[in-house]
Amino acid sequence: ALIALVALGGAFGAAARYLAFETWPVAPETFPTTTLCINVIGAVLLGVVIVRLHHVWWARPLLGVGVLSGFTTMSTLAVEAAALIRADEWTVAAAYVGASAMLGIAAAWTGARIGRA
């Protein structure tokens with residue numbers, strides 16, 4: 001049952017990510033704003049889910065591991081950063097990776113605060 005929840009949630013999250021990339025495409029070798037926004041939004045929502053719904057048996061597998069893990073994407077972040085480095089856009093790559101880490105942490109913290117409120 002839990003695996004089914006994860007799979008169902010992952011399908012919805014991955015579809016949402018795909019739609020975001022289709023709706024807000026970013027040119028190659030430019031700052032990957034779509035991925036950054038997806039990951040920050042996912043971090044906020046995960047903070048809320050983990051704190052607010054920790055006692056609901058289906059919330060973490062469906063929403064946390066499924067939807068939000070399917071929606072957010074560390075692998076795309078890594079591929080985009082590597083592409084920026086290959087294009088000799090070191091400053092943009094460093095800004096992207098740094099912003100992703102710092103904003104992601106701040107977003108998760110904010111989501112947890114919202115969840116406690």
Worksheet item: Just how far is it from atom OG1 of Thr73 to atom CG of Asn39, taken to the nearest 0.5 Å?
Response: 6.5 Å
Worksheet entry | Side-chain (Thr35) to main-chain (Pro32) donor-acceptor, under 3.5 angstrom | no
Worksheet, complete the sentence: For Glu29 and Glu89, the nearest pair of non-hydrogen atoms, with its separation, is O-CG, 4.3 Å
Item to complete: Give a yes or no on whether Ile3 atom CD1 has more than 12 heavy-atom contacts from other residues, nucleotides or ligands under 6.0 Å away.
Response: no
Worksheet entry | Trace of the side chain to side chain contact (heavy atoms under 4.5 Å, CB included) decision for Phe12 with Leu62 | CA-CA 10 Å; Phe12 279 104; Leu62 177 67; over 6 Å; no
Fill in: Same apolar cluster: Leu63 and Val56, side chain cutoff 4.5 Å
yes
Worksheet item: Are Leu8 and Val65 grouped together when hydrophobic residues (ILVMFWY) are joined by side-chain heavy atoms under 4.5 angstrom apart?
Response: no
Worksheet item: Phe71 and Leu36: same hydrophobic cluster, using ILVMFWY side-chain contacts below 4.5 Å?
Response: no
Worksheet entry | Heavy-atom closest contact (Ala93 atom, Ala81 atom, distance) | CB-O, 3.9 Å
Practice prompt. With rounding to the nearest 0.5 Å, note down the distance linking OG1 in Thr34 to CZ in Arg17.
Written response: 12.5 Å
Response to the item:
CG (Leu2) and CH2 (Trp58) are apart, to the nearest 0.5 Å, by 12.5 Å
Response to the item:
CD1 of Ile38 to OG1 of Thr33, rounded to nearest 0.5 Å, is 9.5 Å
Fill in: Shortest non-hydrogen separation from Ala43 to Gly104 and the atoms involved
CB-O, 3.5 Å
Worksheet, complete the sentence: To the nearest 0.5 Å, atom CG of Leu103 lies from atom CD1 of Ile41 at 11.5 Å
Discussion item. For Phe31, I'd like to know if atom CZ has over 12 heavy atoms of other residues, nucleotides or ligands within 6.0 Å.
Written reply: yes
Practice prompt. Could you walk me through whether Thr76 and Phe21 pass the side chain to side chain contact (heavy atoms under 4.5 Å, CB included) test, one step at a time?
Written response: CA-CA 11 Å; Thr76 300; Phe21 283 122; 4.1 Å; yes
Discussion item. Hydrophobic clustering (ILVMFWY, side-chain heavy atoms < 4.5 Å, transitive) - are Leu46 and Val48 grouped together?
Written reply: no
Item to complete: Determine the minimum heavy-atom distance between Leu68 and Gly42, stating which atoms define it.
Response: CD1-O, 4.2 Å
Worksheet item: Does Val44 share a hydrophobic cluster with Val49, counting links as ILVMFWY side-chain heavy atoms below 4.5 Å and allowing steps through other members?
Response: no
Worksheet, complete the sentence: In short, Arg52 meets Gly115 closest at the heavy-atom pair CD-O, 3.1 Å
Worksheet item: Could you state the interatomic distance from OH (Tyr96) to CD1 (Ile85), rounded to the nearest 0.5 Å?
Response: 11.5 Å
Fill in: Greater than 12 external heavy atoms within 6.0 Å of Arg60's CZ
no
